[in-house]
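See below for the structure under consideration.
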Amino acid sequence: MKMHPKKRIEIIIELPLQGRITQVLDTQDVFGYTIFSAQGGRGQEGPWQRDGIVGDSGRMVAIVCIVDPARLDGILTQIYAVIERQIGIVSVSDVEVVRADHF
Amino acid sequence: MKMHPKKRIEIIIELPLQGRITQVLDTQDVFGYTIFSAQGGRGQEGPWQRDGIVGDSGRMVAIVCIVDPARLDGILTQIYAVIERQIGIVSVSDVEVVRADHF
Amino acid sequence: MKMHPKKRIEIIIELPLQGRITQVLDTQDVFGYTIFSAQGGRGQEGPWQRDGIVGDSGRMVAIVCIVDPARLDGILTQIYAVIERQIGIVSVSDVEVVRADHF
Amino acid sequence: MPAKATQPHNHQTGARRAGGNTHMDTIFTGLSANLLSPIVLFFVVGLGAALARSDLSIPEPFAKALSLYLMLAIGFKGGAEVARVGPDIDLLLLILAGVILSFGLPVIAYWALRAASPLGRMDSAAVAAHYGSISIVTFIAASDFLESRAVDFDGYLVAVAASMEAPAILTGIWLARRGHATGKVTQTPSLREILLNGSIVMLVGSFAIGWITGADGMKTMAPFVVDPFKGVLALFLLDMGLVAGRGLRSSARGLDARTIGFGLYMPLIGCAVATPLAILLGLSAGNAALLLTLAASASYIAVPAAMRLALPEARPAIYATLSLGITFPFNLAVGIPLYFTLAHAIA
Amino acid sequence: MPAKATQPHNHQTGARRAGGNTHMDTIFTGLSANLLSPIVLFFVVGLGAALARSDLSIPEPFAKALSLYLMLAIGFKGGAEVARVGPDIDLLLLILAGVILSFGLPVIAYWALRAASPLGRMDSAAVAAHYGSISIVTFIAASDFLESRAVDFDGYLVAVAASMEAPAILTGIWLARRGHATGKVTQTPSLREILLNGSIVMLVGSFAIGWITGADGMKTMAPFVVDPFKGVLALFLLDMGLVAGRGLRSSARGLDARTIGFGLYMPLIGCAVATPLAILLGLSAGNAALLLTLAASASYIAVPAAMRLALPEARPAIYATLSLGITFPFNLAVGIPLYFTLAHAIA
Amino acid sequence: MPAKATQPHNHQTGARRAGGNTHMDTIFTGLSANLLSPIVLFFVVGLGAALARSDLSIPEPFAKALSLYLMLAIGFKGGAEVARVGPDIDLLLLILAGVILSFGLPVIAYWALRAASPLGRMDSAAVAAHYGSISIVTFIAASDFLESRAVDFDGYLVAVAASMEAPAILTGIWLARRGHATGKVTQTPSLREILLNGSIVMLVGSFAIGWITGADGMKTMAPFVVDPFKGVLALFLLDMGLVAGRGLRSSARGLDARTIGFGLYMPLIGCAVATPLAILLGLSAGNAALLLTLAASASYIAVPAAMRLALPEARPAIYATLSLGITFPFNLAVGIPLYFTLAHAIA
Ligand SMILES: Nc1ncnc2c1ncn2[C@@H]1O[C@H](COP(=O)(O)O)[C@@H](O)[C@H]1O
Ligand SMILES: Nc1ncnc2c1ncn2[C@@H]1O[C@H](COP(=O)(O)O)[C@@H](O)[C@H]1O
Ligand SMILES: Nc1ncnc2c1ncn2[C@@H]1O[C@H](COP(=O)(O)O)[C@@H](O)[C@H]1O
Ligand code: NA
Ligand code: NA
Ligand code: NA
């Protein structure tokens, strides 16, 4: 099967920040992204658990976004501007996709 | 630690389609897969949010399946036949696993 | 953007085991991890579905942990000791991160 | 607890007794009373919150639980009512009428869309399937409307509603495929998938249990299925308002006026087609109002999922927005009082 | 609201007063009445839906919420009942009996499985632990059965149920390890993990609050813990039916007849072992029926999770299918009326 | 169902009539009665379970649903009460007082923290915003306290509570930024984001519907919003106890004594500042008790999320632990009876 190399960006970020990140992705003309709600975790601020939280603060989400390598740098610069002062982890990996449209 | 190279297939697909994809994976003798429910996202059809949906239509899931590289091509061909006319993103990445059994 | 190479460990494990794995990660001085609850899947023990389960047993979670490559081997050895007799899949992939702190 | 135990019966016979003075209801007073009922107002709050981009949201697993509760309750009450008054031979005729409507209405809807909207074959067929099928929440809102006006109707109407969910899906698929050799593997959902759909099982199962356990079962279940029912319905309608509002906000721009118009006149066509059947069957005002409402309502749960499988080329933004964003609010606010007035006139 | 306020007491004394005519109950009428109760029927609908592969499902967070509600309600009502009639010295003896049963029954179960099934040491030990422990939903269904027959029982039975959850886990682990030097780090769950298990905390905490707040607390909580209780139980049993049906569908093939047979005769053994204890303690018919039910029931929440940690080599498909797919339906449909008839005879 | 229909009114007028004998309440009997109420005890069970590291937990989507229910119910009841007694010109004055408190209290809190705690500018400003805003669950617990003592208060206090949520956020941001040129793009949440916050929309929307639909609406909704209310509140407080306990366990070590002390004396300062306003407005004992409670309570839902956006450098472990782990339990157990005694003295 013919595959096309792309980049998979995974942004783990606090729920209240989600809107700011998706706004960046929207203005960067990213073709799409998918958000997953985390159930718990631990960081330097200690452990957390979704079922032990009231409200949005303290919960993390993962935003997964598959993009063309050519767009990667511009997107990362913008994302970094948002999360610089915030809790958040941005990791990038190489993937191959089956269809080259919509990336 | 001795590691074994495998492929990680990540299929982001509409919930109503889930059964068709898992059927393909089952017939392809894939040893296993794990499904995650997405919380929201955006694509060419616009944004969506799980907490703003009634029913299954419009929600996405991610099916993660770690397979032996030798099986990859057969599986992708079959998956592609299902999602060709549908909304869906299939990406493949390289991973290493600790145990080589059940892949 | 300057990127730093890291390893992304993804541990798919039964929910009752979660505590044992996070304990290992905690003692290995891992800087953080994030846990996602799976919605369903299939393995050699057959299919399962979160909405068709009472109690914790039989449900899987994915623990995602981004670490420095130098720490990888020690962590994997410890994790393997826990999951050796259990159901569970550990996969490792290469990622690049934007900020090098906290890994 | 004797006082409590008899309550559901009191409640229901009370509702049935006082039917007389509804003759006074004009369509306007009925309409304005309806617009100020808690359930419509909760829908409006949800709609307004979504349109104003509030972050108010109902967690999806809980919203699904609310809808399961509503189906359990309406099914059980319907079955218990049948146990109380005895089954009725009309039930079978009415189910037949419902199935015919569900099979037939999509043809009219398809024709209207092709004639008077820019939608293509696929989109038209998918939309048409939604309008042949029914919305159980619209049905519940209509029952609630009748109960609050003390208008009699039969419990077995729930079974009619359940039987109308699926046939339209088959017509929709047929409309899309008619005369087109589909080179690709056709992906029709199986009949088992359609008929054992969760909401049909819940409705029919609860209906059967209500029927089997009758008054004793009702005594046991009333504090769960009767007392909090309207409150749960109000909360669910808040969520429906949020969903409808979000849908409108993100997709309404894409719809042209003729398509939106279809979402407003198609319920009236459905109602008009069902009217002769209601007359023919000699339905009571309550039963007729519910049949007209079912014909006028459009699915937004079962059919969209089936269409994603069967007609993936049809655009969900179109059918979801039409049925949930246009037709559902229209029926809730204006349609139900209208169909009731009409039913009253013909009964 | 004076009428409402006294309702729970009316309800409970009502239930206790009318105990006399149950002498007429034969096992057959009891059985058939039970099979037609809403809760059993909802279980049957769930089971049927799952076996027919309907997509009906209850969202897991909501199903968990239902089970938390049931434990809160049953605990609170038990505590309030103790506050009403005063604590009883028998409570301690009964808890002791329960703990002995929980420790002891797994030994019998293990012996039976090794003697008359193909299961190995690990699987047998894990299954045995399930049958020593208890199913709180079976306990609730039995209380409901007694209440609907106006049979008296003591509120503190809830505490007995809570005390029987954990001991069997220890016996199960001991059975698996006996005489095998475990080279690997043993992974026994700590006593704290076992005793502070969520369901035990919920039961015991609610029981204590019911006891402390007594009649006043009951007045406040009754519209939440009493009125909708049976309805919530019915909905939860629908989910249990779905879960049991899915489990049966995916794993039943793997079980041989002798293993399935164990799921049917082991409850009877548990009941038989508990019977002399019930006679010895001179329990009332209601209390005896509940103790027999607890002995006969098998865990499907706490023990499976503990077994995954302690005995990972044991196959979950076996113990989950047996306790949830075979023994639970058996107890719900046939066992409870049977244990009640027996309890009635010995009391 | 006539008996049922009039119940909410009976209930409320009953509550208002018997106000006289509360004069006998001393602060100590009030306190001990409060400590033994089901809702406080459920909080204690949750707190204890979390501190003992039990795995008891309430699924987050369900906990969110409980909080939505509580806001719907308290809003609706408030609105229906306003419809019953007629709107009151005092409402506007009281809202004004609330808004002033919400804007002003953070300044005092900030000053106290900078003077008598090691917290820096950012952390102090973020904590201060929490104490200017309010906790709706504390408000609900206080209403419940008043109702169970048959003390009169006005339904429109709900609107006051809603109006006090947001202003403190603006003061907190201003305190953090004052005199510091922020080189970076400022990330203040927009006014729309703050004012259309889900909980404000739910409260105000339900309040409006309760007002519009009045006695008729209440008749429909009472079995949902009145009957099970206290039970739901108890379950929610169990969850709050779990959350507070987990927070304390993981972060309390990090807090020094002076910061913890702030969580105990700041509610008293809030109450003290509100007291002259309550006297000035000539509030009744019930209204005054609620205003003092609002001033004394600290937000733990809306403000934390806003602070993550606006002041990301402030550490959530500090403000969440203070408001939810220290101040909330203090108000629940000790504060509410105290504020009521004070309100009683000044009214
Ligand atoms: N190395 C990591 N890998 C995966 N997730 C992480 C990692 N570090 C932090 N996180 C997630 O980010 C959250 C906040 O991290 P922190 O700011 O370090 O407290 C944690 O609770 C985790 O959910
Ligand atoms: N590039 C992408 N990366 C990750 N998820 C995507 C991407 N594009 C689309 N999706 C997901 O697929 C859904 C449907 O996409 P679309 O068909 O483009 O509307 C979106 O709502 C996203 O959840
Ligand atoms: N190859 C795989 N890729 C992804 N997930 C898997 C894979 N194999 C097993 N799993 C997950 O692990 C669970 C247990 O697997 P098993 O022990 O083989 O029954 C399955 O139900 C899946 O959720
Ligand atoms: Na229709
Ligand atoms: Na047992
Ligand atoms: Na305050």
Side-chain angles (χ1 to χ4, degrees), chain D residues 3-4 6-15 33 35-66 69 144 147-148 222-239 241-242 245, chain F residues 1-5 7 59-69 71-73 75-77 79-80 189-190 192-214 216-229 231-232 301-302 305-306:
Chain D
K4 194 75 182 251
T6 55
Q7 179 208 320
H9 285 171
N10 278 352
H11 168 70
Q12 304 220 354
T13 43
L35 290 177
L36 294 180
S37 75
I39 64 170
V40 173
L41 291 173
F42 272 104
F43 181 84
V44 169
V45 165
L47 195 72
L51 290 175
R53 283 190 289 146
S54 165
D55 67 352
L56 180 60
S57 70
I58 312 278
E60 182 269 343
F62 182 64
K64 188 171 175 202
L66 292 180
Y69 166 85
D144 184 62
E147 275 181 20
S148 67
F224 183 65
V225 300
V226 176
D227 297 354
F229 185 78
K230 280 161 197 261
V232 176
L233 180 58
L235 182 51
F236 189 72
L237 281 172
L238 176 78
D239 189 43
L242 289 166
Chain F
M1 38 178 180
K4 196 73 182 254
Q7 178 208 321
E60 182 268 343
F62 182 64
K64 188 171 175 204
L66 292 180
S67 86
L68 288 171
Y69 166 85
M71 288 185 289
L72 186 160
F76 190 87
K77 288 193 285 185
S190 75
R192 198 184 47 68
E193 274 173 349
I194 293 178
L195 292 178
L196 290 178
N197 171 321
S199 64
I200 296 181
V201 170
M202 193 69 169
L203 272 178
V204 173
S206 306
F207 181 79
I209 296 175
W211 192 344
I212 294 172
T213 61
D216 279 355
M218 194 43 150
K219 199 164 81 178
T220 302
M221 300 285 289
F224 183 65
V225 299
V226 175
D227 298 353
F229 185 78
V232 176
I301 293 189

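Here is how names work: the chains are called A, B, and so on, in the same order as the sequence lines, proteins then strands, and each is numbered from 1.
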Side chain, backbone, both or neither: which part of [X] has an atom under 4.5 Å from a heavy atom of chain F?
| X | result |
| --- | --- |
| D:Ser148 | neither |
| D:Phe42 | both |
| D:Val232 | both |
| D:Leu66 | neither |
| D:Pro61 | side chain |

Residue list, side chain to side chain donor-acceptor pair (under 3.5 Å) with F:Ser199, at least two apart or on another chain: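 Listed in chain order: F:Glu165, F:Asn197.
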
Which residues pass the side chain to side chain donor-acceptor pair (under 3.5 Å) test with D:Asp144, not counting sequence neighbours?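 Checked D:Asp144 against side chain to side chain donor-acceptor pair (under 3.5 Å); matches are D:Lys230.
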
Looking only at heavy atoms, what is the nearest atom pair of F:Arg192 and D:Ala52, with distance?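 In this case the closest contact between F:Arg192 and D:Ala52 is NH1-O, 3.4 Å.
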
State, to 0.1 Å, how close D:Ser54 and F:Val201 come at their nearest heavy-atom pair, and which atoms those are.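 Result for this residue pair: OG-CG2, 3.5 Å.
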
Checking side-chain contact (heavy atoms from CB on, under 4.5 Å) against F:Thr213, which of D:Leu36, D:Leu41, D:Val40, D:Ile39 comes through?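 So the option named by the test is D:Leu41.
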
Tell me, do [X] and [Y] make a side-chain contact under 4.5 Å, heavy atoms counted?
| X | Y | value |
| --- | --- | --- |
| F:Ile209 | D:Val45 | yes |
| F:Glu60 | D:Pro59 | no |
| F:Leu68 | D:Phe62 | no |

Check against side chain to side chain contact (heavy atoms under 4.5 Å, CB included), D:Leu56 and F:Met202: CA-CA 7 Å; D:Leu56 180 60; F:Met202 193 69 169; 4.3 Å; yes

Quick check on the interface: out of F:Gly210, F:Ala65, F:Gly205, who has the most heavy-atom pairs with chain D under 4.5 Å?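 Highest number of pairs under 4.5 Å: F:Ala65.
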
Can you tell me how far CG of D:Leu35 sits from CD1 of F:Ile212, rounded to the nearest 0.5 angstrom?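 Rounded to the nearest 0.5 Å, the CD1-CG separation comes out at 11.5 Å.
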
Could you look at F:Tyr69 and say if it's the side chain, the backbone, both or neither that has a heavy atom under 4.5 Å from chain D?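 For F:Tyr69, neither part sits under 4.5 Å from chain D.
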
